[in-house]
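See below for the structure under consideration.
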Amino acid sequence: MPVRPTAALTTLLTAALAATALTACGNGSGSSPNTLKVSYKQSTDNSIKVMDTYLAGIKKQFEKKYPGKKVEFVPIKAPDSEYYTKLQQMLRSPRTAPDLVYEDTFLINSDITSGYLKPLDPYLAKWPDWQRFIGTAKNSAKGADGKTYGVPDGTDTRGLWFDRRVFAKAGLPADWQPRTWDDVLAAARTIKKRVPGVTPLNVYTGKPAGERATMQGFEMLLYGTGDGTSDPLYDSGGKKWIAGSQGFEDSLKFVETVYKEKLGPDVSDALDPNFATTVNGELLPQGKLGIDLDGSWLPQAWLPGSGHEWKDWSKRLGLAYMPTQHGQAPGKVSMSGGWTWAVPAKAAHPDLAFDFVRTLQTKDNARAWYVADSGISVREDVAEDPAYATAQPGIKFFTDLVASTHYRPAYPAYPKVSTAVQEAMEGVTTGDQSAEKAASGYDATLKDVTDGQVIRK
Amino acid sequence: MRPHRRISRALPVAPALVLLLLFLAGPIAYCVYIAFTDLQLTGQAHSSFVGFANFRRALRDDAFLNAVWLTLVFTVLSSLVGQNTLGLALAALMKRASKPVRTLTGGVVITAWVLPEVVAGFLLYAFFRREGTLNAILHWLHLPRQNWLFTLPILAVSFANVWRGTAFSMLVYSAALDEIPSEITEAAEVDGAGGWRRLWHITLPMIRRSIGTNLMLNTLQTLSVFGLIWVMTRGGPGDKSQTLPLFMYEQAFQNSMIGYGTAVALLLLLVGSLFSVVYLRLLRTEV
């Protein structure tokens, strides 16, 4: 049996492999007491360097302010959902946990429940700038224990974008502002009748659109039902999810009407996973969409170098608040998300990490960040600053919405609840289910995914 | 062989064995363990052992059963029927074709194969979408157009998989056909056997082993297809093209239920091994 040459080769190879594996293992540990490790989400698009450039500037300031300290970046280059996964794996072990991480408010509560993050209250109490942050934004990073686990660095809001050319052809006003849901539908019906070839109204729907359907679509309706103050999705007093609400069914009925009366995009287009790109890149710039229920970040897609450059969008598109169902107070609805800076529970240098947050959030640095990222300010002092308010058309409109915006109940079950919402929407969009049936289907799924933590209202 | 000699011979392979255990068996064992816990990626302070709860949950879950069914449809359509037969047909045709035709066909088919899964997915998305190539062709032929990814999603992704994976079967069968001694074919021809009879009585039995191997490799590869379907349909509309790998991804990484997702992965492994057993039997019965 000619074993020898193969065996020798195997030994050599395994030795080499083992050596590589061991060195690789050794890399993570042994961090210096003066080095701060900061993780953030790097764009998957190589041409977009907004965050990298901004953070590089902050690093310079920080190292100057704290001599002897060094900042080391640990960027994670991944799309949203994979970013969460990677981050959560890093946070599990003290060997891989950075000192500061960038957390989406969408999942921060899950990570708080997992014990991945450190409460920041002792630091915040001694930080005067914290008073400048608006209340709803502060709450976005609060755990069920009432402690705050993150410093928000901006938000987004949502509203109705409408095409002025389409409106002119349909005989609708250029300063359009609907008061009720019926006003929105009436405008869409007029467009359908008078401007053929144009999609009257886009409301994102269904599972392929994912969280976009839940947040820009469904929740923009649902949070405009009822009295406008209590959360229609989650009862925070009883810590239970709400089933069987009239508002839920009414919101589904709105979606049903849009697609049944063919006021929305063709169903097969609406359920195309890449439809959002079509809306931003083709339908809106080409004037083929009348009204779009969408987010404040749309102009990012029209910046120079983005592939769909559209300089004079603000001349052709108007903005209106999304009204409440019957025009009841407060009259307008917006949903918000956004990102926060948080300190992992297993961070090696939490004090230093918070010093870095303070540097990030000097008023000037915060303003520079909002302008660079086309973000919406959650700080009153920045929101009032003319250099911020005039940085881009539409920024004032979306910033004014912050006062009356809602944050999602981003508790651990939320992603599953969101999927259940998308399934209910899809049922009424395709016409497979009536709004009543889809709503009761949601109730059943809700009970299942929240382990029965449900209350009927 | 004396015992110490045996040890000294085993010694050089020992590091390889250790590495294999560490990096291959280790993760697999860990996965099996996780499948019996309620481990979540986030949203949970401690995980606990839950026995067979994840598996019971899967068997009661309509979405899981739907995914199993779609996985079977996808595998049978695209691997067993599509890639396998088309691969054999291409190999047989190319054996007779002139050299330029052979080079060109081979080139095109293999290009589809070497393309990264995601790129292939985008190409076929562009082919099938409403404003896509297929509808343009249909329109030109005065046939009705439709949104294939919406009306027949599982068929569209199956076709995509055939498009992408046929090259492998073609290569396997080309090699197998070259192995058939030409005397046998010629003798059959002299005896008056027509094309179909030669295929049925000579070619197929002689390449039986290759068929088995090819079917097994193809099936296992097809069972785990993720990127192609993800790019084309995301498993939708609804869950009309949500095969097991996509269902698994949704449970583990979108709903954070790592324990449940891993249990589904083990069940997928089970489906794969069932197919393998069938093919291995096919291989064993020799002519």
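Since this is a predicted model, take the numbers as computed values, not measurements. A note on names: the letters A, B, ... follow the listed sequences, proteins ahead of strands, and every chain is numbered from 1.
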Out of curiosity, [X] [atom1] to [Y] [atom2], how far, rounded to the nearest 0.5 Å?
X         : Y         : atom1 : atom2 : result
Lys416(A) : Met257(B) : NZ    : CE    : 4.5 Å
Asn255(B) : Thr419(A) : CG    : OG1   : 5.0 Å
Leu271(A) : Arg234(B) : CG    : CZ    : 13.0 Å
Thr233(B) : Asn274(A) : OG1   : CG    : 10.5 Å

Please say whether more than 12 non-hydrogen atoms of neighbouring residues, nucleotides or ligands are located less than 6.0 Å from [atom1] in [X].
X         : atom1 : value
Lys240(A) : NZ    : yes
Lys41(A)  : NZ    : yes
Lys437(A) : NZ    : no

Exercise: identify the closest heavy-atom pair between Ser268(A) and Asn147(B):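 Closest approach of Ser268(A) to Asn147(B), heavy atoms only: OG-ND2, 3.1 Å.
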For the student: nearest non-hydrogen atoms of Arg92(A) and Leu39(B), plus distance: NH2-CD1, 3.9 Å
If you count heavy-atom pairs under 4.5 Å between each of [options] and chain B, which one has the most?
options                                    : result
Val449(A), Thr429(A), Asp269(A)            : Asp269(A)
Asp266(A), Leu107(A), Asp432(A), Val267(A) : Asp266(A)
Gly210(A), Gly427(A), Ser110(A)            : Ser110(A)

For [X], is it the side chain, the backbone, both or neither that has a heavy atom under 4.5 Å from a heavy atom of chain B?
X         : result
Asn109(A) : neither
Tyr116(A) : side chain
Thr85(A)  : both

Indicate yes or no: at least one non-hydrogen side-chain atom of [X] is less than 4.5 angstrom from one of [Y].
X         : Y         : result
Gln254(B) : Pro415(A) : no
Asp272(A) : Tyr125(B) : yes
Gln88(A)  : Gln40(B)  : no

Segment of [X] engaging chain A (4.5 angstrom heavy-atom cut-off):
X         : result
Ser256(B) : neither
Leu41(B)  : both
Gln242(B) : side chain

